[in-house]
Amino acid sequence: MLKVRLGVAPAPGSGPAEFAGLAERLEAAGVDSLWLSELVYSPEVDPMIGMAHALARTSKLKVGTGVAILPGRHPVLVAKQLLTLAGLAPKRVLPVFGLRPARPAEADLFPVPAGRRAAVFDESLTLLRRLLEEDEVSFEGEFFQVSGVKLGPRPGKRLDVWLGGTAPAALVRAGRLADGWLGSFHTPSQARDARVAIQRAAADAGREIEEDHFGLSLVVADKGLPPELTALAARRSPDTPVTDLIATSWPEARRLVEQYIEAGLSKFVIRPGHGDFDGFLEKFQAELVPLQN
């Protein structure tokens with residue numbers, strides 16, 4: 001049986017003032033995990049800094065990025081950050097990376113050579129994985145060259161790196177290079193197809209991804225669909241009705257999560273579609289937490 005776990009994300013547009021104290025509140029409520037998006041042009045906290053804050057103020061809560069952008073950052077610096085966090089909070093750091101920002105206007109903040117973002121991503125991820133798994137790394141690639149890099153002690157439990165993405169190339173990349181996948185704006189049938197494609201790519205690369213390392217980020221917009229969210233869903237899956245990608249009520253959220261579980265997914269990030277986090281958390285605990293096993 002798959003180990004089903006559900007975490008949450010902060011309310012959209014919440015800044016440092018709203019974030020302060022959130023991690024302790026979630027841990028006291030028994031929530032499994034907290035997930036932080038990379039949205040630079042917004043009040044929301046930076047995911048790496050937010051992770052450090054949340055991990056420092058809790059002892060059980062897991063904290064992840066959902067998702068952070070890797071191309072445009074040096075993998076050595078990213079690896080140092082992750083190893084530091086994992087050393088301070090063992091088994092509670094959940095990094096998920098993506099190819100490009102959710103908001104196109106932020107792409108210039110993560111510069112890569114023109115037309116080479118996917119190639120940079122592949123090389124960045126390859127080097128990052130080695131830095132997380134080896135005591136000393138030398139690497140000679142097209143975009144990165146390092147010699148004899150030692151970043152200090154590695155955590156006792158290997159640090160998994162998950163990827164997001166929906167395009168066929170992204171799913172192949174996840175199969176070749178990642179430990180898991182966190183999708184978004186997928187119907188249950190689309191999520192099943194994505195899982196199968198990732199597992200096929202992993203097998204072709206001589207790898208295997210653990211069966212409970214497939215997840216989905218689901219927005220619950222029970223107080224109406226915000227225009228920006230509707231537009232984002234339409235960009236991600238233009239041929240699918242928005243109401244098939246976003247839950248518009250809590251009963252619908254439960255139905256969708258149950259269908260995702262049937263499709264072979266077991267890890268979920270539930271995101272509020274509005275700013276009323278108190279009401280969101282109460283409904284999350286009543287409607288969805290019972291689905292955990």
Side-chain angles (χ1 to χ4, degrees), residues 1-5 7 32-36 47-48 50-52 54-56 58-71 73-99 121-139 141 144 146 148-165 170-183 195 198-199 201-217 264-269:
M1 177 182 294
L2 293 174
K3 186 177 180 180
V4 175
R5 291 291 181 267
D32 177 73
S33 53
L34 170 63
W35 296 82
L36 307 176
M48 288 294 185
M51 286 177 69
L55 291 166
T58 57
S59 60
K60 297 180 181 179
L61 184 74
K62 296 188 284 290
V63 188
T65 60
V67 299
I69 311 307
L70 184 57
R73 287 186 164 108
H74 200 294
V76 173
L77 298 179
V78 176
K80 184 66 174 183
Q81 291 175 320
L82 292 177
L83 288 171
T84 300
L85 287 172
L88 293 169
K91 303 181 182 179
R92 296 198 289 138
V93 179
L94 307 174
V96 184
F97 292 106
L99 176 68
F121 194 11
D122 286 358
E123 189 169 303
S124 298
L125 189 59
T126 299
L127 176 54
L128 176 64
R129 292 288 303 269
R130 287 192 57 191
L131 291 162
L132 295 177
E133 296 170 8
E134 300 176 21
D135 292 329
E136 182 175 341
V137 175
S138 295
F139 183 88
F144 303 102
V146 300
V149 171
K150 300 178 182 179
L151 297 180
R154 291 178 286 116
K157 181 182 183 298
R158 180 177 174 274
L159 187 63
D160 288 340
V161 176
W162 289 32
L163 297 185
L171 303 180
V172 171
R173 178 181 295 111
R176 290 192 299 108
L177 298 172
D179 298 300
W181 175 74
L182 182 70
R195 175 183 60 78
I198 292 168
Q199 290 175 319
D204 290 344
R207 306 178 65 240
E208 182 177 355
I209 295 177
E210 295 182 38
E211 64 175 359
D212 66 348
H213 278 42
F214 294 89
L216 191 106
S217 180
L265 279 66
S266 61
K267 303 297 184 285
F268 300 94
V269 180

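Positions are given from 1 along the sequence. Every heavy atom of this structure was used, including side-chain atoms; hydrogens, water molecules and symmetry mates were not.
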**Message:** Quick one, His213 with Asp179, criterion side-chain hydrogen bond (donor to acceptor under 3.5 Å, both in side chains). Give me CA distance, side-chain angles, the key distance, then yes/no.
**Reply:** CA-CA 7 Å; His213 278 42; Asp179 298 300; over 6 Å; no
**Request:** Would you check, one step at a time, whether the test salt bridge (charged side-chain N to carboxylate O under 4.0 Å, His left out) holds for Lys150 with Asp135?
**Result:** CA-CA 6 Å; Lys150 300 178 182 179; Asp135 292 329; over 6 Å; no
**Asked** How far apart are the C-alpha atoms of Ser33 and Arg92, what are their side-chain angles, what is the distance that settles it, and do they pass the side-chain hydrogen bond (donor to acceptor under 3.5 Å, both in side chains) test?
**Response** CA-CA 9 Å; Ser33 53; Arg92 296 198 289 138; over 6 Å; no
**Asked** Can Arg176 and Asp122 be said to form a salt bridge (charged side-chain N to carboxylate O under 4.0 Å, His left out), step by step?
**Response** CA-CA 10 Å; Arg176 290 192 299 108; Asp122 286 358; 3.1 Å; yes
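For the atom pair CD1 (Ile209) and CH2 (Trp162), the distance works out to 9.5 Å, reported to the nearest 0.5 Å. A distance of 8.0 Å separates CZ of Phe214 from CG of Leu265, quoted to the nearest 0.5 Å. Here Leu125 contributes atom CG and Leu99 contributes atom CG; the two are 11.5 Å apart, rounded to the nearest 0.5 Å. Summarising the geometry, atom CZ belonging to Arg130 is positioned 10.0 Å from atom CD belonging to Glu136; distances are rounded to the nearest 0.5 Å. Distance check: Leu128 CG to Glu133 CD gives 9.0 Å after rounding to the nearest 0.5 Å. Note that CD1 of Ile69 and OG of Ser124 are 12.0 Å apart. Values are rounded to the nearest 0.5 Å.
The two residues Ser217 and Leu182 come nearest to each other via the heavy atoms N-CD1, 4.0 Å. Considering every non-hydrogen atom in both Gly165 and Ala170, the closest pair reads CA-CB, 3.9 Å.
Looking at Arg154, its side chain never comes within 3.5 Å of a backbone N or O of Gly87 through a donor-acceptor pair. Remark: side-chain polar atoms of Thr65 are paired, donor with acceptor, to backbone N or O of Val96 under 3.5 angstrom. Side chain of Arg129 to main chain of Asp160: no donor-acceptor pair is present (N/O by atom type, distance under 3.5 Å, no hydrogens or angles).
With contacts defined as side-chain heavy-atom distances shorter than 4.5 Å, the pair Phe97/Val67 does not qualify. Annotation: side chain of Val149 is not in contact with side chain of Ser138 (no heavy-atom distance under 4.5 Å).
A side chain to side chain contact (heavy atoms under 4.5 Å, CB included) with Phe139 holds for exactly one of Leu131, Val76, Thr126; it is Thr126. Shown are Met51, Lys62, Lys267; of these, the side chain to side chain contact (heavy atoms under 4.5 Å, CB included) with Leu94 is made only by Lys62.
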